[in-house]
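For clarity, every value in this text was computed on a predicted model and none was experimentally measured. To find a chain, count down the sequence lines: A is the first, B the second, and so on, and within it residues start at 1.
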Protein chains: 2
Amino acid sequence: MQDLEKILENKNVKPTAMRLLVLQLLRNKNAAVSLTDLEDHFIKSDRTTIYRTLKTFVKNEIAHKIVDGTGITKYALCEENCHCEIETDLHVHFHCKICNETICFPKNKIPYIKLPDGYEADNVSLTVTGICDKCNT
Amino acid sequence: MQDLEKILENKNVKPTAMRLLVLQLLRNKNAAVSLTDLEDHFIKSDRTTIYRTLKTFVKNEIAHKIVDGTGITKYALCEENCHCEIETDLHVHFHCKICNETICFPKNKIPYIKLPDGYEADNVSLTVTGICDKCNT
DNA sequence: CACATAAATGCACTTCCGTTGCACTATAAA
DNA sequence: TTTATAGTGCAACGGAAGTGCATTTATGTG
């Protein structure tokens with residue numbers, strides 16, 4: 001619990017109760033979570049507060065915003081030493097259409113994409129949709 | 001115009017007026033379009049009709065559904081001989097955060113992603129976000 | 001300690017998009 | 001012509017993201 005505060009302070013984010021709770025949950029879950037997930041979990045807290053907490057986390061490079069094709073924004077903790085650089089820090093995500101979970105594949109870095117002249121990339125997302133190992137018969 | 005009907009009939013879709021219009025627009029645009037885009041363009045037509053037209057197109061492999069990270073579903077025509085197979089038919093998409101357009105890079109096929117044992121893929125999306133050549137200074 | 005300021009939180013509300021149910025219309029088959 | 005089927009239009013719902021404003025909590029200063 002102590003080190004959770006450290007994580008926030010290192011990113012210049014004040015360790016409020018809400019932030020610590022969200023951070024803790026993100027850390028214990030290896031799947032990406034949505035705003036609604038958090039809302040259902042922290043029933044005493046307001047949606048807006050959680051919403052803004054996540055926004056702060058993304059802005060201060062504590063968490064990633066993940067696009068998994070469901071249309072619902074998910075969030076997951078950045079890896080250690082992540083600076084959200086597109087060449088080095090981005091990995092593949094997998095969305096299971098059965099259990100509806102979205103998980104990170106940190107080992108699978110996103111390969112380099114050569115764009116035509118004039119195009120400039122600042123983010124890349126690669127999502128695989130299918131059936132995860134647990135849901136696979 | 002004649003061949004538009006052919007395209008639909010080849011996919012077992014009856015060539016109604018609405019479908020021909022949507023197909024024509026998708027063909028002339030090299031960018032992916034959203035339901036709202038079409039709605040704004042065909043102001044005399046109902047949203048639901050266009051929605052279902054797109055749904056039919058996707059089901060019958062006339063168009064792709066595209067995830068570009070904006071949270072808004074976009075659509076683009078399948079390439080010739082596309083069967084929406086993940087190994088061969090899927091390509092990279094680029095979303096420009098300035099002009100808000102999403103375009104296809106049919107030349108950039110999505111590289112093969114090796115998943116852990118037990119995982120089964122049925123779709124892959126790779127989207128690059130940034131600034132397109134037209135919006136780049 | 002008292003006060004002033006700023007940050008964080010909670011509540012209400014809005015907007016946007018996707019989706020569905022139902023009635024109506026046009027088209028194709030008998 | 002009648003009947004069935006497919007397509008279209010209208011209305012409405014629900015989920016999710018986002019905003020404005022009031023209230024509470026934390027922080028700093030005299």
Below 4.0 Å: OP1/OP2 of [N] and any side-chain N or O of [X]:
{"X": "T16(A)", "N": "dT9(C)", "value": "yes"}
{"X": "K74(B)", "N": "dC17(C)", "value": "no"}
{"X": "Y51(A)", "N": "dA17(D)", "value": "no"}

Atom pairs under 3.5 Å: protein N/O with N/O of nucleotides 9-16 of chain D:
from, atom 1, to, atom 2, distance (Å)
dG9(D), OP2, T49(B), OG1, 2.9
dG9(D), O6, R52(B), NH2, 2.6
dC10(D), N4, T48(B), OG1, 3.1
dA11(D), N6, T48(B), OG1, 3.4
dA16(D), OP2, T36(A), OG1, 3.4

What is the distance, to the nearest angstrom, from the [atom1] atom on [X] to the [atom2] atom on [N]?
{"X": "I43(A)", "N": "dC11(C)", "atom1": "CD1", "atom2": "P", "result": "13 Å"}
{"X": "I50(B)", "N": "dG18(C)", "atom1": "CD1", "atom2": "C1'", "result": "14 Å"}
{"X": "E39(B)", "N": "dT8(D)", "atom1": "CD", "atom2": "P", "result": "16 Å"}
{"X": "F57(B)", "N": "dG7(D)", "atom1": "CZ", "atom2": "P", "result": "11 Å"}
{"X": "F42(B)", "N": "dT8(D)", "atom1": "CZ", "atom2": "C1'", "result": "15 Å"}
{"X": "L21(A)", "N": "dA8(C)", "atom1": "CG", "atom2": "C1'", "result": "14 Å"}
{"X": "D37(A)", "N": "dA17(D)", "atom1": "CG", "atom2": "P", "result": "10 Å"}
{"X": "K55(B)", "N": "dA6(D)", "atom1": "NZ", "atom2": "C1'", "result": "15 Å"}

#### Entry: Within one Ile-Leu-Val-Met-Phe-Trp-Tyr cluster: F42(A) and Y51(A), side-chain cutoff 4.5 Å
yes
### Cluster check I131(A), I103(A): I/L/V/M/F/W/Y, side chain < 4.5 angstrom
no
#### Entry: With K14(A) via salt bridge (Lys or Arg N to Asp or Glu O under 4.0 Å) - residues at least two apart
none
## Note on the structure
salt bridge (Lys or Arg N to Asp or Glu O under 4.0 Å) filter on K11(B), not counting sequence neighbours, yields none
### Contacts of H95(A) that satisfy ring-ring contact (aromatic ring centres under 6.0 Å, His included) - sequence neighbours left out
none
Only distances under 3.5 Å count here; give the side-chain donor-acceptor pairs of residues 121-130 of chain A to other protein atoms, sequence neighbours excluded, each with its distance to 0.1 Å.
from, atom 1, to, atom 2, distance (Å)
D122(A), OD2, K97(B), NZ, 2.6
T127(A), OG1, V67(A), O, 2.7

### Query
Tell me the ring pair (Phe, Tyr, Trp, His ring centres under 6.0 Å) pairs involving residues 116-137 of chain B, sequence neighbours left out?
F94(A)-Y119(B), F105(A)-Y119(B)
